[in-house]
Amino acid sequence: MADADPWLVVGLGNPGPEYARNRHNVGFMVADLLAERMGGRFKAHKSRAQVVEGRCGVPGPSSRRVVVAKPASFMNLSGGPTTALRDFYKVPVANIVAIHDELDIDYGALRLKLGGGDNGHNGLKSITKSLGSEYHRVRFGIGRPPGRMQVADFVLKDFSAAERRELDYFVDRAADAVETLIVDGLERAQGTYNS
């Protein structure tokens, strides 16, 4: 994996304003912040995704070329656009980062890892089916549904008023974690952000 190889950061979510603030769309929220930090605006790409191209890290030889993407397909079809972007930008699978919501982690907590299962997450299932499992994941905790609420209903609801008070902070922290992963490597990022 040469430093010259680009990175592909895929925020997972569902397209359309009705989903924009859902728990399931936290990957899009982090991708939006990363794009803003790179000073770019999302543009439609032939891969069925919105993309921003830029650099991550301190300007100079240590900065990395990064493509931030939001698939324009629904969550359970994320693998198609991700594979098309990998092919178009010639990104090694080990340089792909998926940012997604995670039920089995407390709200706002982060876990970074390379490879692993999909834990029932349809977006990851689709990407793994297309690419194999050896890509990075930034797992953003959303906690479990309360009471007897169905998982599908919970993830497609907006964050609660109490959660929204801290959401910007947690999204900011997740964006920091992605940047640290790309510039300093997984071990450093895990040591700093895995909670």
Report task. For the pair R137 and D118, find out whether any cationic side-chain nitrogen is under 4.0 Å from an anionic carboxylate oxygen. Result ->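 Here R137 does not pair with D118 in a salt bridge, since their nearest N and O are not under 4.0 Å apart.
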Query raised in the report: Hey, is R148 close enough to D153 for a salt bridge, meaning N to O under 4.0 Å?
Result: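 Result for this pair is no, no salt bridge flagged.
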With the 4.5 Å side-chain cut-off for hydrophobic clustering, are [X] and [Y] part of the same group?
X    : Y    : result
V26  : V52  : yes
V171 : V10  : no
Y107 : L156 : yes
L85  : M38  : no
L12  : V51  : yes

Of the non-hydrogen atoms in [X] and [Y], which two are nearest, and what is the gap between them?
X    : Y    : result
V155 : N22  : O-CB, 3.6 Å
R23  : F154 : NH1-O, 3.1 Å
P92  : D5   : CG-OD2, 3.5 Å
S133 : G116 : CB-O, 3.5 Å
G80  : S130 : N-OG, 4.2 Å
G11  : P71  : O-CD, 3.3 Å

Report task. Please state whether the rings of H136 and W7 are parallel, tilted or perpendicular, taking 30° and 60° as the class boundaries. Result ->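 Tilted, since the angle between the ring planes falls between 30° and 60°.
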Query raised in the report: Under 30°, 30 to 60°, or over 60°: which ring-plane class applies to Y19 and F74, parallel, tilted or perpendicular?
Result: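 Perpendicular.
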Side-chain contact, heavy-atom cut-off 4.5 Å: [X] with [Y]?
X    : Y    : answer
P6   : N95  : no
M29  : L167 : yes
L131 : T82  : yes
F159 : I142 : yes
N14  : N25  : yes

To the closest 0.5 Å, what do you measure between [atom1] ([X]) and [atom2] ([Y])?
X    : Y    : atom1 : atom2 : answer
N194 : L112 : CG    : CG    : 5.5 Å
T180 : L186 : OG1   : CG    : 11.0 Å
I96  : L114 : CD1   : CG    : 11.0 Å
L8   : I182 : CG    : CD1   : 9.5 Å
E163 : R165 : CD    : CZ    : 10.0 Å
L77  : I127 : CG    : CD1   : 11.0 Å

Query raised in the report: Do D172 and R37 pass the side chain to side chain contact (heavy atoms under 4.5 Å, CB included) test, and can you show the C-alpha distance, the side-chain angles, and the key distance before you say yes or no?
Result: CA-CA 10 Å; D172 195 64; R37 288 180 179 184; 2.8 Å; yes
Query raised in the report: Do you see a donor-acceptor pair shorter than 3.5 Å between the side chains of E53 and Y89?
Result: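 Looking only at side-chain atoms, Y89 and E53 do form a donor-acceptor pair, the distance falling under 3.5 Å.
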Report task. Applying side chain to side chain contact (heavy atoms under 4.5 Å, CB included), run through D32 and F42 and close with a yes or a no. Result -> CA-CA 8 Å; D32 286 339; F42 281 100; 3.4 Å; yes
**Report entry** Worked verdict on R64 versus D184 for salt bridge (charged side-chain N to carboxylate O under 4.0 Å, His left out)
**Finding:** CA-CA 10 Å; R64 303 280 181 265; D184 298 322; over 6 Å; no
Query raised in the report: K125 and N122: side chain to side chain contact (heavy atoms under 4.5 Å, CB included), yes or no, with the steps?
Result: CA-CA 5 Å; K125 205 174 283 184; N122 289 329; 3.8 Å; yes
Report task. Go through Y193 and R173 one step at a time and tell me if the side chain to side chain contact (heavy atoms under 4.5 Å, CB included) criterion holds. Result -> CA-CA 8 Å; Y193 295 100; R173 197 164 176 272; 4.0 Å; yes
Can you tell me if [atom1] on [X] sees more than 12 non-hydrogen neighbours from other groups inside 6.0 Å?
X    : atom1 : answer
K113 : NZ    : yes
E187 : CD    : no
R111 : CZ    : yes

Does the [X] side chain pair with the main chain of [Y], one donor and one acceptor, at a distance under 3.5 Å?
X    : Y   : result
Q50  : K70 : no
S78  : M75 : yes
S126 : G79 : yes

Report all side-chain donor-acceptor pairs from residues 97-105 shorter than 3.5 Å, counting only partners two or more places apart or in another chain.
from : atom 1 : to   : atom 2 : distance (Å)
D101 : OD1    : H24  : ND1    : 3.1
D101 : OD1    : H121 : NE2    : 2.9
D101 : OD2    : H24  : ND1    : 2.8
E102 : OE1    : R139 : NE     : 3.3
E102 : OE2    : D104 : N      : 3.4
E102 : OE2    : N119 : ND2    : 2.9
D104 : OD1    : R144 : NH1    : 2.7
D104 : OD2    : N119 : ND2    : 2.9

